[in-house]
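Reading through the structure tokens given below for one structure.
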Amino acid sequence: MLDLNPDELLSTTRAVRKRLDLTRPVPRELIEQCVDLAVQAPTGRNRQRWHFLVVTEPKQRRAVADLFLRAQALATGQPLTERDLWRMSHHPGSTDRVFDGLRHLAANIHRVPAFVIPAVEGRTDGAPVTVQAGTWGSILPAVWSFMLAARARGLGTVWTTAQGPLEPELARVLGVPYEEVMLAAFIPLAFTVGTDFKPAPRVPREEVLHWERW
């Protein structure tokens with residue numbers, strides 16, 4: 001366990017791409033500890049619809065890594081707004097570092113020792129905002145708790161949505177009942193190269209904090 005106080009843990013749990021240790025297996029018991037903590041997160045109506053699929057077996061990892069790469073090529077995303085571009089370039093070089101990390105991860109995804117695919121029962125395709133909020137609000141806190149627990153144990157993670165374009169195919173590979181269960185993310189997991197992560201530069205507080213009204 002790393003010697004981090006709560007503020008340090010929250011402010012230094014980074015999206016780790018280039019500093020994943022690709023040579024060191026992740027012990028099963030550490031992943032189980034992270035899941036045990038993850039499922040202490042709040043969940044809508046205590047339904048506990050969360051699931052965590054962990055892939056470490058070499059042949060299965062290769063199949064999943066191949067899907068990751070093919071899905072990356074199909075990803076589009078929403079167009080960037082002027083405000084998006086302003087925020088992305090507020091700290092010079094930060095966006096370049098992110099995309100450099102993305103390229104590094106893609107080039108080495110087949111070497112990552114473990115993949116964690118969080119899932120939630122109940123699909124939200126075309127659902128109204130209230131249903132979307134309830135479903136995602138029941139899986140995201142658990143996944144963030146998993147990522148914090150991983151950081152405390154010297155492990156690095158990064159939330160990706162690489163599963164999106166090929167989610168049905170990934171569900172088949174993992175044996176997931178696609179019509180009933182939604183794959184929420186695709187998280188590479190590994191020990192980190194060094195543990196000295198720092199808070200990231202962000203836009204100023206006054207740009208995001210609103211009192212009483214927008």
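By convention here, the first residue in the shown sequence is residue 1.
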*Do NZ/NE/NH1/NH2 and the carboxylate oxygens of Arg70 and Glu169 come within less than 4.0 Å?*
yes
*May I ask you to decide whether Asp196 forms a salt bridge with Arg19, counting only side-chain N to carboxylate O separations under 4.0 Å?*
yes
*With sequence neighbours excluded, give me every salt bridge (charged side-chain N to carboxylate O under 4.0 Å, His left out) pair touching residues 30-44.*
Arg28-Glu32
_Treating Ser11 as the side-chain partner and Pro199 as the backbone partner, does any N or O pair qualify as donor plus acceptor under 3.5 Å?_
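A pair under 3.5 Å: no.
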*State the CE-CD distance between Met182 and Glu167, to the nearest 0.5 angstrom.*
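So the gap between those two atoms works out to 7.5 Å.
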*Atom pair CD1/CD1 of Ile117 and Ile187 - distance to nearest 0.5 Å*: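 Answer rounded to 0.5 Å: 8.5 Å.
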*asked:* Using the rule that Ile, Leu, Val, Met, Phe, Trp and Tyr join whenever any side-chain heavy atoms are under 4.5 Å apart, tell me whether Val55 and Phe146 fall into a single cluster.
replied: no
*Indicate the atoms forming the closest heavy-atom contact of Phe52 with Ala38, along with that distance.*
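It is CZ-CB, 3.8 Å.
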*asked:* Looking at Glu29, I'd like to know if its CD atom is crowded, meaning that more than 12 non-hydrogen atoms belonging to other residues, nucleotides or ligands lie closer than 6.0 Å.
replied: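 More than 12 within 6.0 Å, yes.
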*Should the heavy atoms of other residues, nucleotides or ligands under 6.0 Å from CG of Asn5 be counted, would the total exceed 12?*
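Yes - once you tally the heavy atoms of other residues, nucleotides and ligands closer than 6.0 Å, there are more than 12.
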*Partner set under side-chain contact (heavy atoms from CB on, under 4.5 Å) for Leu140, not counting sequence neighbours*: Trp136, Trp159
*Leu148 vs Leu10 side-chain heavy atoms within contact, under 4.5 Å*: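 Side-chain contact under 4.5 Å: yes.
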*With side chains defined as the heavy atoms from C-beta onward, is the minimum distance between Arg83 and Glu207 less than 4.5 Å?*
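Yes, close enough: below the 4.5 Å cut-off.
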*For the residue pair Trp214 and His210, does the interplanar ring angle fall in the parallel (under 30°), tilted (30 to 60°) or perpendicular (over 60°) class?*
parallel
